Amino acid sequence: MDLTQRSSGVLLHPSSLPGPHGIGDLGPAAFHFVDWLEAAGQSIWQWLPTTPIGPGDSPYQSVSAFAGSPLMVALEPLVERGWLAAPERPEFDAHAVDFARVVPWREAQLRSAYAGFIQAATPEDRAALAAWAQAQADWADDYTLFMALQAAHQGACWWDWAPELRSRKKKALEAARAEHAAEIGFWQFVQWQFDTQLAAVKAYANGKGVKLMGDLPIFIAHHSADCWARPDLYFLDKEFQPTVVAGVPPDDLGPQGQRWGNPLYRWKKMAGEGYAWWIERVRRALTQADVFRIDHFRGFAGYYEIPASCPTAMEGRWVKGPGKALFDAIAEALGPLPIVAEDLGLITPDVIELRDGCGFPGMKILQFAFGGDGNHEFLPHNYGRDFVVYTGTHDNDTARGWWQAAKPAERAFAGTYLAAGEHDVHWAMIRAAANSVANMAVFPLQDVLGMGSDQRMNTPGTLGGRNWTWRFSWDQVGPEPGRVLGLITAASGRGPITLMHP
């Protein structure tokens with residue numbers, strides 16, 4: 001994807017799509033949303049990570065950096081193939097995901113579909129699954145065995161498994177693969193269907209002129225199959241516990257900093273292997289999306305290392321990251337990299353040098369622009385072209401929610417700059433972002449729909465509540481938001497001018 005082309009799009013995680021099965025997925029609503037994007041003149045659909053959710057239902061603490069979320073496997077195609085009877089579903093909330101109910105219910109449906117597949121699959125179906133398993137073996141063999149062993153250990157973390165399994169003794173793994181063959185087969189089936197369905201959505205979107213933009217977290221989770229499969233790539237002790245963990249230091253937003261807890265990479269070890277793990281991770285990301293954002297990009301220039309014994313981020317130090325050598329190795333293996341660098345937070349000259357040296361666009365967040373004066377770097381008139389501008393991200397309040405919560409001075413500044421008030425600040429922000437010189441502009445769907453704080457996707461630093469649960473329904477959309485978005489897109493040179501002259 002050409003990141004220098006003037007374009008715009010919408011940020012909406014597939015879990016937020018409408019649908020009858022408790023959570024948005026890769027089924028009919030995904031195709032319908034592509035049609036809506038096309039009609040509104042949008043050429044980008046940005047997602048959050050599509051890997052399985054982790055603690056707190058977050059997609060950023062996944063059990064795998066490679067696997068797809070089972071929750072996104074749509075049931076309708078499984079019914080159409082004759083593998084699953086049309087499910088009798090509970091009454092799910094149309095506007096919020098109840099993960100406690102949805103997760104077990106959907107897994108039960110997938111297990112029924114797998115049983116149907118075993119019974120009724122054609123030779124062609126079986127060959128397709130076998131071919132997928134062979135092609136994805138580098139990550140899927142470990143992941144599917146991991147999932148089977150986790151179930152066999154009643155959900156216990158891998159470092160609490162039987163010693164010969166947590167240490168990956170060859171004979172123990174061979175015996176486990178034989179013992180748990182049926183469970184491994186189930187997880188292969190789920191991942192095969194995820195890949196099949198995602199490929200169909202991507203092909204449909206690309207055919208409509210819409211590119212998919214994925215999201216790649218920099219770190220992996222300690223509880224993940226990735227850490228179990230290659231513990232030597234992380235700073236772990238003899239009991240497989242991290243000795244140092246990731247986070248960010250104290251600042252104005254957090255007097256104790258943020259202790260994320262992710263294990264940190266042994267970059268020298270990775271470099272000695274030619275960054276092979278990262279090459280394969282990015283290779284997979286590029287099969288699933290046309291472009292992807294790397295979360296916490298600054299960590300490749302320098303990352304904050306916290307002693308695992310410290311309960312907060314008060315103690316820690318900055319450590320030099322792999323820098324451009326990593327991305328040079330990936331580009332040499334895979335070609336030009338369509339990457340957007342999430343370069344927010346404490347940004348030092350080395351981060352800017354790395355971002356620009358790699359040729360990656362950075363990010364601008366319009367909500368952050370009104371806390372200073374006219375020289376603020378996030379004000380649109382101060383942008384360069386090599387950026388992606390957002391009204392807000394999944395971690396921000398909605399535009400209207402931001403306005404209501406803003407300090408009086410910020411609200412006054414924004415009102416003057418945007419020529420807007422509470423009733424139209426979302427459109428004013430969208431228009432300001434679209435009219436900027438930034439090559440790409442992305443708007444959360446909540447802002448396109450003019451929604452308030454109660455519809456935000458996530459509140460950083462909090463667990464539970466409504467985080468990650470937001471969904472919309474088509475009756476909340478109507479024809480007007482898409483029409484207005486299309487007009488703004490056309491007028492700002494980001495979409496077809498025909499939208500202004502129907």
Side-chain angles (χ1 to χ4, degrees), residues 49-55 59 61-70 73 107 110 114 129-195 198 216-236 239-242 262-266 269-270 272-288 333:
T50 55
T51 46
I53 61 172
Q61 290 287 346
S62 182
V63 73
S64 173
F66 292 81
S69 173
V73 176
E107 181 175 325
L110 293 175
Y114 180 56
L129 174 53
W132 177 91
Q134 182 176 7
Q136 304 298 326
D138 284 350
W139 68 269
D141 282 0
D142 282 321
Y143 167 75
T144 55
L145 176 58
F146 178 92
M147 295 300 291
L149 289 173
Q150 191 171 63
H153 287 84
Q154 291 75 50
C157 293
W158 63 267
W159 53 87
D160 290 326
W161 294 353
E164 65 276 10
L165 291 173
R166 71 173 187 172
S167 298
R168 297 180 58 84
K169 301 299 183 183
K170 183 178 180 180
K171 289 185 178 180
L173 295 184
E174 291 175 350
R177 290 188 192 282
E179 180 182 357
H180 303 294
E183 185 71 0
I184 290 170
F186 166 69
W187 288 110
Q188 287 177 331
F189 170 78
V190 171
Q191 291 301 310
W192 170 54
Q193 283 302 294
F194 175 90
D195 279 8
L198 177 53
L216 200 72
I218 181 175
F219 297 119
I220 60 96
H222 182 209
H223 65 267
S224 67
D226 314 290
C227 197
W228 171 69
R230 289 295 308 273
D232 57 312
L233 296 181
Y234 310 93
F235 285 101
L236 306 179
E239 297 299 317
F240 300 104
Q241 297 304 301
N262 306 77
L264 293 172
Y265 298 113
R266 292 185 180 270
K269 173 77 172 178
M270 288 187 155
E273 298 180 357
Y275 298 108
W277 185 89
W278 271 96
I279 290 170
E280 293 311 309
R281 188 182 185 194
V282 172
R283 189 193 306 276
R284 180 151 172 82
L286 290 175
T287 66
Q288 298 177 326

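As the structure is a prediction and not an experimental result, all values here were calculated from the model.
Looking at every heavy atom in both residues, Pro59 comes nearest to Thr51 through O-OG1, 3.6 Å. Closest of all the heavy-atom pairs between Ser64 and Ser62 is O-OG, 2.9 Å. Residue Glu183 comes nearest to Ala151 through the heavy atom pair OE2-CB, 4.2 Å, listed as atom of the first residue, atom of the second, then distance. Taking both residues in full, the closest heavy atoms of Trp159 and Arg166 are given as O-NH1, 2.8 Å, listed atom of the first, atom of the second, then distance. Residue Arg281 comes nearest to Ala65 through the heavy atom pair NE-CB, 3.7 Å, listed as atom of the first residue, atom of the second, then distance. The nearest pair of heavy atoms linking Asp226 to Val63 is OD2-O, 4.1 Å.
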Pair Asp195, Arg284 - check salt bridge (Lys or Arg N to Asp or Glu O under 4.0 Å), show working. CA-CA 11 Å; Asp195 279 8; Arg284 180 151 172 82; 2.8 Å; yes
For a side chain to side chain contact (heavy atoms under 4.5 Å, CB included) check, start with the C-alpha distance between Gln136 and Gln188, then their side-chain angles and the critical distance, and finish with the verdict. CA-CA 10 Å; Gln136 304 298 326; Gln188 287 177 331; over 6 Å; no
Given Thr144 and Phe186, is the side chain to side chain contact (heavy atoms under 4.5 Å, CB included) satisfied, shown in steps? CA-CA 8 Å; Thr144 55; Phe186 166 69; over 6 Å; no
Tell me, with the steps shown, if His222 and Trp158 meet side chain to side chain contact (heavy atoms under 4.5 Å, CB included). CA-CA 9 Å; His222 182 209; Trp158 63 267; 4.3 Å; yes
Assess whether side chain to side chain contact (heavy atoms under 4.5 Å, CB included) is satisfied between Arg266 and Leu233, documenting all intermediate values. CA-CA 5 Å; Arg266 292 185 180 270; Leu233 296 181; 5.7 Å; no
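For the pair Arg230 and Glu273, the salt-bridge criterion is met [side-chain N within less than 4.0 Å of a carboxylate O]. Salt-bridge annotation for Asp232 and Arg168: absent, with no side-chain N of the basic residue lying under 4.0 Å from a carboxylate O of the acidic one.
Ring planes of Trp139 and Trp132: perpendicular class, angle over 60° (limits at 30 and 60°). Between Tyr234 and Tyr265, the ring planes lie tilted relative to each other; the angle falls in the 30° to 60° range.
Scanning for side chain to side chain donor-acceptor pair (under 3.5 Å) contacts around Gln288 gives an empty result, with sequence neighbours left out.
Within the 4.5 Å cutoff, the side chain of Asn262 has no heavy atoms near those of the Ile220 side chain. Residues Ser224 and Gln61 have side chains not in contact (no heavy-atom distance under 4.5 Å, counting atoms from C-beta outward).
From Phe194, atom CZ reaches atom CG of Leu110 across 12.5 Å, with rounding to the nearest 0.5 Å. Separating the CG atom in Leu145 from the NE2 atom in His180 is a distance of 7.5 Å, to the nearest 0.5 Å. Note that CZ of Arg177 and CD1 of Ile184 are 6.0 Å apart. Values are rounded to the nearest 0.5 Å. Taken from CG in Leu286 to CG in Leu216, the straight-line distance is 9.5 Å, to the nearest 0.5 Å. Atoms CG and CD, on Leu173 and Glu164 in that order, are 9.5 Å from each other to the nearest 0.5 Å. Here Gln150 contributes atom CD and Leu165 contributes atom CG; the two are 13.0 Å apart, rounded to the nearest 0.5 Å.
Within 6.0 Å of the CD atom in Glu174, the count of heavy atoms belonging to other residues, nucleotides or ligands exceeds 12.
No close placement of the Phe240 and Trp228 rings is indicated, their centers lying 6.0 Å or farther apart.
A distance-only check finds a donor-acceptor pair linking the side chain of Gln154 to the backbone of Ala152 [under 3.5 Å].
Among Phe66, Trp187, Trp161, the single residue meeting the ring pair (Phe, Tyr, Trp, His ring centres under 6.0 Å) criterion with Phe146 is Trp161.
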